[in-house]
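Here is the structure we will look at, set down as structure tokens.
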Amino acid sequence: MLQKPRGTRDFLPDEMEQRRDIEGRMREIGRRWGYREICTPEFEELELFTVRSGEGIIQEMYVFEDKGGRMMALRPELTAPVLRMYVNEGRTLPKPLRWYYFADCFRYERPQKGRYRQFWQFGVELIGVDSALAEAEVILLAEEILSATGISFSIHIGHLALMRSILSGMPEQEQKKIRMFLDKKDFAGLRDYLSPKGMDDLCTSLTRLASCRDLQEVFEITGDLPERERIEELFSILDHSGIPYTLDPGIARGLDYYTGMVFEIFAENLGTENQVLGGGTYRLAHLFGGEDTPSCGFAIGFDRVMVSRGEQAPPRRLVAGIAHTPEGREWALAVSREFRSAGIRTELDLSGRSLGQQLSHIAKSADYALILGQRESTSRVVTIKDLRSGVQKELALPDAVREVIRSEPR
RNA sequence: GCCAGGGUGGGGUAGUUGGUCAUCCUAGGGGACUGUGGAUCCCCCGACCCGGGUUCGAGUCUCGGCCCUGGCCCCA
């Protein structure tokens, strides 16, 4: 038997309804904040992704040569495509641009809990504005969206200027290595790395900084910075907004296009892959041939949100099932039409079996059975049976519709 | 790429030191039942992940692969 590709999933209706429900909540909140949906191609020229992340990521991507000999890649994320799109056709739009997307991405990686080869991201990009308030907006929006999904999470916010100020003057390679230790909170590893170089003092202040949770103390460690006022403004806005967060100067956010604020959100009930959101302030547009444009944004790992929500009973929907005899068929079709145009999910029996059999099938899943045979057809009425109470009535069609609309799904 | 544990009908399972027609539940289909319920009863459908090896004989032992689950690495 043919199997689905490794790391991909099939979704049955019960699961799709839940995914669409959560997706809809995210879209709705984005909409209320003025973010509008965009869409970019499922695949792009390979270069779009290597230009800023390096050749190394090729082995983590689905890469192929098209019939014209061009190297293409299924998108592994959406920030680069969105900024490419901005450079191509968004440059003359009035700033700032507030965009969101909900789309699938592909990475050729080893699947594990919360990590798949095809996965969905909901993300926003706020393009063309460079202010503490813009950064705060993105964080507050992220918080509101994740709250709406019903998961438990914690927000960690940092700023790259803090670490950079201590590391400035060091070779880039070395900085990168050190940031890796700090990002993982591997302080022992950091000491083993720096001690032999006689950099114990540096190690101490880095460790102190990465563990620091108070902004005043942070600046005692780093000394005064050009970015200080901006950082203080950001955190002041956040404090006044009342959202719960943890200051975390240790966040390094993988690659180098982030320029300032960085933040990550972790779900509280997941395993290793517990990061459900990552984002920050960055500059990318100039890499794709545009002007240097300040932007910030985030991406939510949609599938991880769903894993974090766990097994949920599928939402009940009101269902009406129609049982009918051959003589009642035309009337049954007419009744179906009316019920459907009233917005009621209406399922017509297609089997032609006995009414008893139709009823027993309908009773498995529906809330109401509508019985339509010779008698109903002749007198243009509907025999409607409430399957919860067992109460059966004969009603005129508009009354039957009203009766069902008034009720709650079981 | 690495490590650990797994893989028996659609889902969940039993299967002894290797030895009859591979167990049970559930789901699905049909019937008892052509004007009325999910119950009951009967019937049907349907599986040892794939390939090599050991053996008279493999679901069981062995090797390789594939896939699943979790972890490592990585995480744009």
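Remember, predicted model here, so these are calculated numbers, not experimental data.
The interatomic distance linking A/R6 (CZ) with B/rC66 (C1') rounds to 9 Å, in whole Å. Going from atom CZ of A/F106 over to atom P of B/rC75 covers 22 Å, rounded to whole Å. Atom CZ in A/R84 sits about 17 Å away from atom C1' in B/rA76, given to the nearest Å. Summarising the geometry, the separation between NE2 on A/H361 and C1' on B/rG35 is reported as 19 Å, rounded to the nearest angstrom. When the P atom of B/rG28 is taken as reference, atom CZ of A/R353 falls 11 Å away, rounded to whole Å.
Within the nucleic acid shown, A/Q275 has no heavy atom closer than 4.0 Å to any nucleic acid atom. Residue-level contact check: A/G328 touches neither bases nor backbone, having no heavy atom under 4.0 Å from any strand. The residue A/Q358 sits apart from the nucleic acid: no heavy atom pair falls under 4.0 Å. Nucleic acid contact for A/K4: none, since no nucleic acid atom lies under 4.0 Å from a heavy atom of the residue. Residue-level contact check: A/Q59 touches neither bases nor backbone, having no heavy atom under 4.0 Å from any strand. Here A/G390 lies in heavy-atom contact (under 4.0 Å) with a base.
Note: A/Y193 and A/F181 have tilted aromatic rings, judged against thresholds of 30 and 60 degrees for the angle between ring planes.
A cation-pi arrangement is present between A/R19 and A/F11, with the terminal nitrogen or guanidinium carbon under 6.0 Å from the aromatic centre and inside a 45° cone about the axis. Both the sub-6.0 Å distance and the 45° axial angle are satisfied by A/R380 relative to the ring of A/W331.
One donor-acceptor pair, N or O on each side, does fall under 3.5 Å between the base of B/rG37 and the side chain of A/K385. No donor-acceptor contact under 3.5 Å links the side chain of A/Q357 to the base of B/rU34. Contact annotation: side chain of A/R115 to base of B/rC74, donor-acceptor pair present below 3.5 Å. Under 3.5 Å, the side chain of A/E376 and the base of B/rG35 form at least one donor-acceptor pair of N or O atoms.
With sequence neighbours left out, the side-chain hydrogen bond (donor to acceptor under 3.5 Å, both in side chains) criterion links A/D399 to A/R402.
Using a 4.0 Å cut-off between a side-chain N of Lys or Arg and a carboxylate O of Asp or Glu, A/R9 and A/E15 do not qualify as a salt bridge.
Atom name P, nucleotides B/rC68 and B/rC25: the rounded distance is 31 Å, in whole Å.
For B/rG38, the OP1/OP2 oxygens have a side-chain nitrogen or oxygen of A/S360 closer than 4.0 Å.
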